[in-house]
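Both counts, for ligands and for their atoms, begin at 1 and track the order of listing.
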Amino acid sequence: MSSPVKVSVIYYSSTGTNTELARTLAAEAEKAGAEVRVRRVAELAPDAAIDSNPAWRANVTATADIPVATADDVVWADAVIFGSPTRYGNIAAQLKQFIDTLGPQWQQGLLADKVYSGFTSSATLHGGQESTLLALYQTIHHFGGIIVSPGYTHGSKFVDGNPYGTSHVDSQGQTPVDEVTRTAAAVQAARVVRVAGALKAGQAGQAG
Ligand SMILES: Cc1cc2nc3c(=O)[nH]c(=O)nc-3n(C[C@H](O)[C@H](O)[C@H](O)COP(=O)(O)O)c2cc1C
């Protein structure tokens, strides 16, 4: 029997929206049959900044039990789903810093031939979600990764409207993750697991 697809959900979140998205995508990937790791990247901000925003401190406390991401979490996985809040239309520095530690693994070719996908949230509509995901996906080209975005592959994609990845407008924490976004996460996770499974089976066939 073939081993399950291994998925790492690796994310950054300040105020909890991307934590919620990460947990949702992880649960959906498990439902799709994957073995899943959820990992948060290391926080870089000083305590003074975190304490200036109660939602930020609450998220740090609530996620203390989630392991901090390491390079092995990427190398281990057949598929990696990265997530970050939109920051000026780009990914957060914390996630970029994690990605920038992957140089040795990149150099050894250990990041190539895997499936990658992304998710994000922003405060405002048209606030840069697509540019954030495209910025993330630029890096994946350098990895030699295989980008599996949801596309318009399911009827629900015409409702959430983002073919680049799951995204949510949180209105500065005023709009919680809703059914539309949860459905987007389910569609994305299922597609990632399905494609990564096919790729894994093909690679195993070539090796055999
Ligand atoms: C430095 C900074 C830059 C941000 N840039 C944007 C932006 O370009 N567009 C936007 O709509 N929201 C922006 N936001 C808001 C966050 O993207 C938004 O609140 C996000 O959903 C927070 O996710 P989190 O709860 O996982 O941290 C920014 C927030 C910060 C702190």
Side-chain angles (χ1 to χ4, degrees), residues 7-29 36-69 73-74 80-100 116-140 149-150 157 159-189 192:
V7 174
S8 283
V9 180
I10 299 177
Y11 78 99
Y12 176 72
S13 178
S14 287
T15 51
T17 297
N18 284 275
T19 301
E20 176 95 20
L21 296 180
R23 291 191 197 275
T24 304
L25 278 150
E28 293 296 339
V36 180
R37 290 184 183 178
V38 182
R39 300 290 186 261
R40 60 188 169 90
V41 298
E43 182 57 89
L44 303 177
D47 274 340
I50 296 169
D51 286 328
S52 72
N53 181 343
W56 196 349
R57 175 54 70 194
N59 182 56
V60 169
T61 305
T63 59
D65 62 326
I66 297 179
V68 172
D73 295 316
V74 180
V80 180
I81 307 176
F82 283 121
S84 167
T86 288
R87 290 283 167 88
Y88 309 121
N90 211 319
I91 62 171
Q94 287 86 344
L95 181 63
K96 185 64 164 61
Q97 166 64 15
F98 173 73
I99 288 171
D100 287 355
Y116 294 88
S117 203
F119 64 93
T120 190
S121 72
S122 64
T124 58
L125 193 61
H126 309 298
Q129 296 180 345
E130 293 179 5
S131 59
T132 298
L133 292 171
L134 289 170
L136 171 68
Y137 293 158
Q138 282 181 43
T139 296
I140 306 310
S149 46
K157 296 306 299 175
V159 178
D160 74 67
N162 191 341
Y164 299 87
T166 297
S167 62
H168 185 69
V169 177
D170 77 354
S171 320
Q172 305 279 19
Q174 298 306 301
T175 306
V177 173
D178 58 10
E179 268 321 295
V180 171
T181 305
R182 284 184 204 288
T183 301
V187 168
Q188 183 176 18
V192 163

Is a donor from one side chain sitting under 3.5 angstrom from an acceptor on the other, for [X] and [Y]?
| X | Y | result |
| --- | --- | --- |
| Asn18 | Ser121 | yes |
| Asn162 | Ser167 | yes |
| Thr181 | His168 | yes |

Compute the shortest N/O to N/O distance between [X] and ligand 1 and return yes if it is under 3.5 Å, no if not.
| X | value |
| --- | --- |
| Gly127 | yes |
| Ser121 | yes |
| Thr19 | no |
| Asp170 | yes |
| Pro85 | no |

Considering the heavy atoms of [X], write down every atom of ligand 1 situated less than 4.0 Å from one of them.
| X | value |
| --- | --- |
| Tyr88 | 1 (C), 3 (C), 4 (C), 5 (N), 6 (C), 7 (C), 8 (O) |
| Thr124 | 10 (C), 11 (O) |
| Ser13 | 24 (P), 25 (O), 26 (O), 27 (O) |

Glu43 and Tyr12: CA distance, side-chain angles, deciding distance, side-chain hydrogen bond (donor to acceptor under 3.5 Å, both in side chains) verdict: CA-CA 8 Å; Glu43 182 57 89; Tyr12 176 72; 2.7 Å; yes
With salt bridge (Lys or Arg N to Asp or Glu O under 4.0 Å) as the test, would you mind laying out the steps for Asp100 and Lys96 before giving the verdict? CA-CA 6 Å; Asp100 287 355; Lys96 185 64 164 61; 2.9 Å; yes
Nearest-0.5 Å distance, CZ of residue Phe82 to OG of residue Ser117: 11.0 Å
Going through the checks in order, is the side-chain hydrogen bond (donor to acceptor under 3.5 Å, both in side chains) test met by Thr120 and Thr86? CA-CA 6 Å; Thr120 190; Thr86 288; 3.1 Å; yes
What residue and atom, counting heavy atoms only, is the protein's closest point to [atom], and at what distance?
| atom | value |
| --- | --- |
| atom 27 (O) of ligand 1 | Ser14 N, 2.7 Å |
| atom 18 (C) of ligand 1 | Ala123 N, 3.5 Å |
| atom 29 (C) of ligand 1 | Arg87 NE, 3.8 Å |
| atom 25 (O) of ligand 1 | Thr15 OG1, 2.5 Å |

Please determine whether side-chain hydrogen bond (donor to acceptor under 3.5 Å, both in side chains) holds for the pair Asn59 and Thr19, giving the CA-CA distance in whole Å, both sets of side-chain angles, and the decisive distance to 0.1 Å. CA-CA 8 Å; Asn59 182 56; Thr19 301; 2.9 Å; yes
If we only consider heavy atoms of Gly89, is any one of them less than 4.0 Å away from an atom in ligand 1?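 The answer is yes: ligand 1 sits under 4.0 Å from a heavy atom of Gly89.
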Among Thr86, Val169, Thr17, which one puts a heavy atom closest to atom 6 (C) of ligand 1?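 Among Thr86, Val169, Thr17, the closest heavy atom to atom 6 (C) of ligand 1 belongs to Thr86.
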Would you call Arg23-Glu28 a salt bridge at under 4.0 Å N-O? no
